[in-house]
Structures are given as structure tokens and as C-alpha cells.
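Comments concern the structure below.
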Amino acid sequence: MTEPTMTLKGIDIFQGHMDRDKQIALLDDLREVIRAAPLFSPVTSGGKPMSVRMTSAGRLGWVSDRAGYRYQDHHPQGTAWPAIPASVLDLWHDLVDPVRAPDCCLINFYGEGARMGLHQDKDERDFSWPVLSLSLGDDGLFRVGGTRKGEPTASVWLKSGDVLRMGGAARMAFHGVDRIRFGSSRLLPKAGRINLTLRVVD
Ligand SMILES: O=C(O)CCC(=O)C(=O)O
Ligand SMILES: [Mn+2]
């Protein structure tokens, strides 16, 4: 059993869990996913553009547009989402469950100035499974609070190769990314940060 290198408000963090070769292999697989399911720029239900670009792999993908937030079985272009790469599933099976696979791998791309406000991951029907989050590329300042809005928060810089597991009470913790250090990593040729979240949806 792999032990976390630290915990932050109940979230298990595995710092440096993916070595450079694993990160490069993952990136190669993600390029194929993004070729089949291009990154798109979501808007909130109020029509406000989100600063991250995103896409998904798996049976279900997460989308947000004027009709609201939801999981659906196809990319906004109409095509089915590509399969979650085995290189990604391996990490899930290692750190979450050897048998059950996640339904969704949400892929967020943070360019210069992109961030993600404090939120809960609560569009899934089943909250009993952890969310596993993989960080690639530039450093991101991750903030986590409690399960209610306004509770004290704590922050950690997530680096390329770090893996985070939000399970138990921390499954419903508010969290977000305040900012990235654009250009801090040389993994992506044009800089930026990629975050993958693996989720059981239903
Ligand atoms: O980018 C991150 O580290 C977090 C992403 C996230 O919270 C989400 O996609 O729901
Ligand atoms: Mn989230």
C-alpha cells in the first residue's frame, strides 16, 4: 500500500508520485485523447467564461454551458469521449481500487492566468468513492477548506507528478486553484498546467 507523503485537511497527497518518465508517457497518451476530444472553453450557466480549458475521457464527461453543469456521454462536438488511457487507470487502481474503474477523467488545462474558484465536486451521484487528482506541468496553488463554505482553508503548491486523493470526509471539501506559476515546469513545451481528476459518477 502506497502511503501519502502528507495530508492536508484530510486530503492524501502523494508528492512526486509520478516520475518524469511516467509524466511524459501520460502526456503522450493525453495528446491522443485531446486529438479525439479537443479542449473546449466552458462557460458557467450564467454565461461567464471559465479560465480553464477542458475535455474528458471515459464513459462520461463533465461539461458546463448555459444549460448548467452536468455529466454527459458525449463531447460538445457530439462524439463519444475517448477511453481513459491505461497509464491513467493504473494510478487509480494502485491508489483507489484494484477493480472498480472511474467513469470520468476530467482534463483541465490551465494557461497563463487561469484559476479555479473554491467549489465542491458534487455533480456525481455516488460520493462514496474518492476523487483522484493528477498534476502535470506548472506548479498550481491548491486551496482546500472544509465541507461548508467559509470554513478555514489551507494551501499547498502542487507540482508536476503530484497525486492527490480526496476521500472520506474530504471527498466533499471545498477546493480550488488560486493561481499557477506559469512557466515553472519544462514538461509542457509551451508551459501551463494540466490536471486530471478521476471520478466515479454513478
Ligand atoms: O486543478 C486542480 O488541481 C483541481 C481541479 C478541480 O478541482 C476540478 O476539476 O474539479
Ligand atoms: Mn474539483
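Each ligand, and each atom within it, is numbered from 1 in the order the structure gives. These numbers were taken from a predicted model, which means no experiment stands behind them.
Set against the non-hydrogen atoms of N195, the atoms of ligand 1 under 4.0 Å away are 1 (O), 2 (C), 3 (O), 4 (C), 5 (C). If you number the atoms of ligand 1 from 1 as listed, the ones under 4.0 Å from a heavy atom of H119 come out as 6 (C), 7 (O), 8 (C), 10 (O). Contact atoms of ligand 1 toward H175: 7 (O) (distance under 4.0 Å to a heavy atom of the residue). Taking every heavy atom of L106 and a limit of under 4.0 angstrom, the matching atoms of ligand 1 come to 9 (O). Below 4.0 Å from some heavy atom of D121 lie the following atoms of ligand 1, by number and element: 10 (O).
Of all protein heavy atoms, the one lying nearest to atom 1 (O) of ligand 1 is Y110 OH, 2.5 Å. Among all protein heavy atoms, the one lying closest to atom 6 (C) of ligand 1 is M116 SD, 3.4 Å.
For the pair W62 and ligand 1, no heavy-atom separation below 4.0 Å is found. Residue contacts with ligand 1 include R199, since one of its heavy atoms falls under 4.0 Å from the ligand.
With a 4.5 Å cut-off on side-chain heavy atoms, R171 and D121 count as touching. K159 is listed as a side-chain neighbour of R181, based on a closest heavy-atom distance under 4.5 Å. When side chains are defined from C-beta on, N195 counts as touching S133, because their heavy atoms get closer than 4.5 Å. At least one side-chain heavy atom of M18 sits less than 4.5 Å from a side-chain heavy atom of L136.
Checking side-chain atoms of D138 against main-chain N and O of G192 turns up a donor-acceptor pair under 3.5 Å. Side chain of Q120 to main chain of M172: a donor-acceptor pair is present (N/O by atom type, distance under 3.5 Å, no hydrogens or angles).
Residue N108 has at least one N or O atom closer than 3.5 Å to an N or O atom of ligand 1.
Rounding to the nearest 0.5 Å gives a distance of 8.5 Å between CG of D123 and OH of Y69.
Closest to the Mn ion (ligand 2) among the N, O or S atoms of D121 is OD1.
With Q120, M54, R193 as candidates, the residue nearest to atom 3 (O) of ligand 1 on a non-hydrogen basis is R193.
The aromatic rings of F40 and H75 sit perpendicular to each other, their planes meeting at more than 60°, with 30° as the lower class boundary.
Residue contacts with ligand 1, taken as heavy atom pairs separated by less than 4.0 Å, do not involve L164 at all.
Both tests hold for R193 against Y110: distance to the six-membered ring centre under 6.0 Å, angle to the ring axis within 45°.
Taking the Mn ion (ligand 2) as the apex, the angle formed with NE2 of H175 and NE2 of H119 is 90°, to the nearest 10 degrees.
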